[in-house]
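To start, the structure itself, in C-alpha cells.
Start at 1 with the first residue, then count along the sequence. Please read these numbers as outputs of a predicted model, since none were measured by experiment. Ligands are counted one by one from 1 in listed order, and the atoms in each one are counted from 1 as well.
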Amino acid sequence: MEPSAITEVLPLTGGVASDIAMVDAGDKRFCIKFALPKLKVAEDWHAPVHRNRAEYEWLRTAAQIAPECAVKTFGRSDDLHGFAMEFISGDAVSLWKKDLLEGKSDSARPAAVGGLVGRIHAASSRPDFDTAPFQNRDDFHALRIEPYLVFTAGKHAEVSSELRRIAESLYKTSKVLVHGDVSPKNILFRAGKPIILDAECATMGAPEFDVAFCLNHLVLKAQHVSSLRADLATHVNALWSAYAETVSWEPETELEARVSRLLPALLLARVDGKSPVEYLDEGSQGVIRDVSLRLLMTPKSTIVGVVDELLDTWKGDNP
Ligand SMILES: Nc1ncnc2c1ncn2[C@@H]1O[C@H](COP(=O)(O)OP(=O)(O)O)[C@@H](O)[C@H]1O
Ligand SMILES: [Mg+2]
C-alpha cells in the first residue's frame, strides 16, 4: 500500500508502550502498531523495540490455537518494528476494562479469559510446539521481572528475599507460552469471545505469571471501585476454574500455590514498583501495600485463601 492511499489516522490511547492507530486507506481499515523505545511512565524505563516481533508471533500463534478468539494479522516490518492487524470494532465489541468498571461484566468473561489463556498455555507446553520465536526471557526480565519484582524488592527489605526468589523462578521457568500482559485493558470481547491483544512481553515462561497478572487487575479494580468487591470471589473463581481445566503439564495444586504467592507480589508491585497503577489514591495504596506485605510474609497456598484475606481486609475497612 502506498502512503498516499491513507485517508485517515486516528491514534488509539490506553497504553504506554507503543504508537498505535486506526488507519483508513480508502474503504480498508487497519490497526497499525509500532513499538516505542522508551515507555510513557514516570520512571525511566527503556524496552527493546524488537518486542514488536514477539507480539506479532504471539498473535499469530494464538490465532492458530484459538481461531475464534483471534485478531487477523496483515504483515510486519522488521525495520520499523511495526505491524498491521485487523481493526476490531462494531456493536458487539467492547473493552473488558470499560465493562468491568461500569459493572457490566459477569463471570462468563473471566471464565472465557481463563479458558483461553489455559488453552494457549496447554498447547504451548506440548513437545512439538515451536518455541524458537519465543526465547525472550531477557526481554521479559526487562519488561516485567525487573520493574515489578526486583525494583520492588529494593524498596521493601522485609520481603525482598521472597520477591527475589519469585523473580528468579520466573526467569528460569520455560514451561508455556506466556503472554505477559493479560489485563482487562488489553482484552476486547467480540460477541462474547475474548480477543487478547498487546503481547509485547510474550516469552516461553512460567504459567503462573499470566494467571496472577490478570487476577491482580481484578483485585486492583475491586480495591478502586468498592461495588466490584461483592463479585470478586466469583470472578476470580470463574477465571481460575476455567484455566485449571486446561492444566495438563503439571499438578494443578502446585501451580495454584505459585499463583497464590505471585499475586501478592504483583499487588505490591503495582503500588511500589516502577509502573504503579494510576487510579489508586493514597489510602487505597496503603490498603494494598499492607495486605500484600502480609500475604508475602505469611503465604497462602490457594487462591481462595488470598481472596479471603482481601475480603477480610475490606470488611475491616468498611465495618
Ligand atoms: N486491533 C485492534 N482493534 C481495535 N482496537 C485495538 C486494537 N489493538 C489495540 N486496540 C485498542 O488500543 C489500545 C492500545 O493498544 P495496545 O496494543 O494495548 O497498545 P499499548 O502497547 O500501547 O498498550 C487497546 O487497549 C485497545 O483498546
Ligand atoms: Mg495495552
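Using cut-offs of 30° and 60° on the angle between ring planes, the pair Y148 and F213 is tilted. Between Y56 and F83, the ring planes are tilted. Angles from 30° to 60° get that label.
Proximity to N186 (heavy-atom distance under 4.0 Å) selects the following atoms of ligand 1: 18 (O). Of all atoms in ligand 1, numbered sequentially from 1 with element shown, those under 4.0 Å from a heavy atom of L12 are 6 (C), 10 (N), 11 (C), 12 (O). Against a heavy-atom cut-off of under 4.0 Å, I20 is close to the following atoms of ligand 1: 8 (N), 9 (C), 15 (O), 17 (O). Listed by atom number, the atoms of ligand 1 under 4.0 Å from M85 heavy atoms are 1 (N), 8 (N). The ligand atoms of ligand 1 that sit less than 4.0 angstrom from a heavy atom of S18 are 19 (O), 20 (P), 21 (O), 22 (O). The atoms of ligand 1 that sit less than 4.0 Å from any heavy atom of K33 are 16 (P), 17 (O), 19 (O), 20 (P), 21 (O). The L95 neighbourhood of ligand 1 comprises atoms 27 (O), with distances under 4.0 Å to a heavy atom of that residue. Of all the atoms in ligand 1, the ones that sit under 4.0 Å from a non-hydrogen atom of E200 are 21 (O).
Under a 4.0 Å N-O distance rule, the pair R164/E168 does not qualify as a salt bridge. Between R190 and E86 there is a salt bridge, with a side-chain nitrogen of the basic residue lying less than 4.0 Å from a carboxylate oxygen of the acidic one. In this structure, D139 does not pair ionically with R144, as no charged nitrogen and carboxylate oxygen lie closer than 4.0 Å.
D181 lies apart from the Mg ion (ligand 2) in this respect, since none of its N, O or S atoms is found at a distance under 2.8 Å. Within the 2.8 Å limit, S18 places no N, O or S atom next to the Mg ion (ligand 2).
Of all the heavy atoms of C31, the ones lying under 4.0 Å from any atom of ligand 1 belong exclusively to the side chain.
Side chain of R119 to main chain of I65: a donor-acceptor pair is present (N/O by atom type, distance under 3.5 Å, no hydrogens or angles). Under the 3.5 Å distance criterion, the side-chain polar atoms of S77 are matched with a main-chain donor or acceptor of L80. Between the R51 side chain and the C201 main chain, no donor and acceptor come within less than 3.5 Å of each other. Proximity of a side-chain donor or acceptor of E55 to a complementary backbone N or O of A199 within less than 3.5 Å is detected.
The residue among K98, K97, K185, E55 with a heavy atom at the shortest distance from atom 25 (O) of ligand 1 is K185. Considering each of D198, L197, T13, the one bringing a non-hydrogen atom nearest atom 14 (C) of ligand 1 is T13.
The local environment of CD in E146 is crowded, with over 12 non-hydrogen atoms from other residues, nucleotides or ligands closer than 6.0 Å.
At a 4.0 Å cut-off, not a single heavy atom of L36 sits close enough to ligand 1 to count as contact.
Summary: OD2 is the N/O/S atom of D198 found nearest to the Mg ion (ligand 2).
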